[in-house]
Amino acid sequence: MMNIKKGSFMKNAIFTLFSFLTWVHIAHAETNCDAAKTFMSDMGENVISLLTNQSISDQERADQFRTILETQFNLKAIGKFVLGRYWKQASDEEKQSFLNLFKETTVATYASRFKDYTSEKFEIRGCQVEPDGGVIVSSQITRPNGQAIPINWKIFEKKGEMRVYDVILEGISMGITQRSEFASVIQNGGGKLSALNKALEKKIS
Amino acid sequence: MNHIFAILLSFLLLTPSVRAQEDAYSYMDTDEHPGETLEINPQEREEVLNPPSNLEANLEDNDPLEPINRVTFGVNSFLDDILFDPISAMYVGVVPEFLRERVGYFLRNLSEPIVLVNNILQGEMQDAEDTLRRFAINSTVGLGGIFDVSTDLDIPYKREDFGLTLASWGFEEGPYIVLPILGPSNLRDTIGRVGDYGFDSINWWAYFTDDNAIYSYTRTGAQVLDAKSDNIETINDLKTNSIDPYVTFRAWYTERRRSLSSKNEGRVIETAQPEDDDEEDFEDDEY
């Protein structure tokens with residue numbers, strides 16, 4: 001009799017503990033999710049106002065875009081990811097110069113890609129906590145012709161600071177496609193990161 | 001009947017390559033007894049004998065036909081430049097956006113029965129019901145499909161094709177293939193295209209009434225034009241911003257198809273992760 005009671009008490013205690021832990025986990029996840037949404041909507045508004053501001057020069061636009069990249073994205077982690085195993089094989093100088101070129105080509109690509117955007121609307125649609133601890137914030141950009149482009153953002157919080165780690169456009173991860181492209185360029189260049197660096201340099205100039 | 005045999009044959013061809021790929025992956029995972037796999041299949045033996053630096057990338061890309069594919073890709077780009085792009089540009093220039101959108105919706109509505117067949121083949125009855133309702137509503141209230149009323153009624157278009165159906169049945173992508181004119185594909189999706197062609201009632205209608213073949217051709221032409229004019233900006237953008245457009249197209253196609261496959265619904269996309277050494281102060285790091 002005692003045993004059964006004791007057993008059920010233990011069961012209850014464990015159950016209560018687990019529910020509490022789950023609750024803490026969910027509560028934590030929710031704050032994370034909301035914070036990530038706010039982070040993204042602030043950044044989205046920044047970028048849209050920057051891109052649609054016709055009064056600034058292309059140079060200024062690129063500069064401000066670079067600042068956003070540097071402060072809101074974890075460019076080093078992304079650079080490391082897109083290089084895959086070639087990261088470990090490269091020398092420090094090569095890595096440093098790659099990260100720099102990676103940033104500059106990204107600035108050049110997107111500053112020109114969105115040059116003719118005028119009255120785009122950026123909208124946060126929702127968010128979801130991923131098993132790896134990151135948060136996916138889903139958003140969409142609505143173009144003036146009514147076409148909506150879904151964009152998801154992978155965000156991690158580290159030391160109280162949020163950063164973007166991947167951009168997923170219509171289900172296509174920019175990190176993965178870029179990793180594929182870079183791997184092929186490196187392979188065709190004899191397995192050296194310097195080959196990719198040269199190609200990126202050529203692209204900017 | 002011959003067509004059916006051709007499809008079956010392609011299935012048989014697809015299966016062994018799937019096996020080889022799975023084995024290779026499990027070899028990558030365990031990494032313990034590479035010697036054992038040597039007897040199992042020649043493809044792996046070759047991979048092991050080849051410089052190991054190519055192993056990972058080869059598995060990731062699955063593009064054994066790359067030399068041929070690159071030639072086809074080049075020919076397609078050339079055709080785009082001299083033929084399709086100018087025609088699309090003319091179409092975009094002459095026909096107002098509103099009308100082009102009507103044409104696009106009309107063509108999409110005509111292909112809705114193919115989506116329905118694939119919904120059923122995948123056993124997705126809710127999707128099948130949605131597709132059926134979309135087709136019924138858009139064909140009537142939407143004036144023969146030129147207006148997408150269903151999307152406003154919260155039944156949005158959801159793309160399905162036989163390539164995705166094969167994926168839901170467990171078939172792997174198979175090697176990447178660049179098709180003449182049609183562009184990026186893979187073995188599974190190429191077979192899928194043949195299947196969808198067979199599901200298309202308009203093709204059957206044209207087949208049995210010889211006089212109507214012209215409608216089928218007209219529609220195919222219109223479909224190509226619609227697709228090209230829709231994506232011309234994105235495609236040119238991809239081409240100019242890429243170091244190696246062939247690889248970029250391959251990566252985009254592969255990722256796009258994976259994201260559309262219902263088998264991957266709710267998948268966690270592998271991304272960069274925060275690590276201890278990825279702070280801005282790069283110079284301080286030791287490797």
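Protein chains get the first letters and strands the later ones, always in sequence-line order, with residue 1 at the start of each. All heavy atoms count here, side chains included; hydrogens, waters and symmetry mates do not.
Annotation: salt bridge (charged side-chain N to carboxylate O under 4.0 Å, His left out) contacts of A:Glu161 (sequence neighbours excluded): A:Arg163. Legend: residues meeting salt bridge (charged side-chain N to carboxylate O under 4.0 Å, His left out) with B:Glu160, ordered by chain and number and at least two apart, are B:Lys158.
Tested against B:Glu66, the residues B:Phe73, B:Tyr246, B:Tyr176 include a single side-chain contact (heavy atoms from CB on, under 4.5 Å) partner, B:Tyr246.
With chain B as the partner, the residue from A:Gln178, A:Lys203, A:Lys88 showing the most heavy-atom pairs under 4.5 Å is A:Lys203.
Ion pair B:Asp63/B:Arg70 not flagged as a salt bridge, since none of the NZ, NE, NH1 or NH2 atoms sits closer than 4.0 Å to an Asp/Glu carboxylate oxygen. A salt bridge does not link A:Lys192 with A:Glu94: every distance from a Lys NZ or Arg NE/NH1/NH2 to an Asp or Glu carboxylate oxygen is 4.0 Å or more.
Within residues 170-177 of chain A, the residues having any heavy atom less than 4.5 Å from a heavy atom of chain B are, in residue-number order, A:Glu170, A:Gly171, A:Ile172, A:Ser173, A:Met174, A:Ile176, A:Thr177.
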Would you be so kind as to tabulate the donor-acceptor pairs closer than 3.5 Å made by side chains of residues 125-132 of chain A, with sequence neighbours excluded?
from, atom 1, to, atom 2, distance (Å)
A:Asp132, OD1, A:Gly134, N, 3.1
A:Asp132, OD2, A:Lys154, NZ, 2.8
A:Asp132, OD2, B:Gln273, NE2, 3.3

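Counted by atom type alone, B:Asn118 and B:Asp196 present one or more donor-acceptor pairs between their side chains at under 3.5 Å.
Interface remark: A:Ile168 contributes side-chain atoms only to the contact with chain B (heavy atom separation under 4.5 Å).
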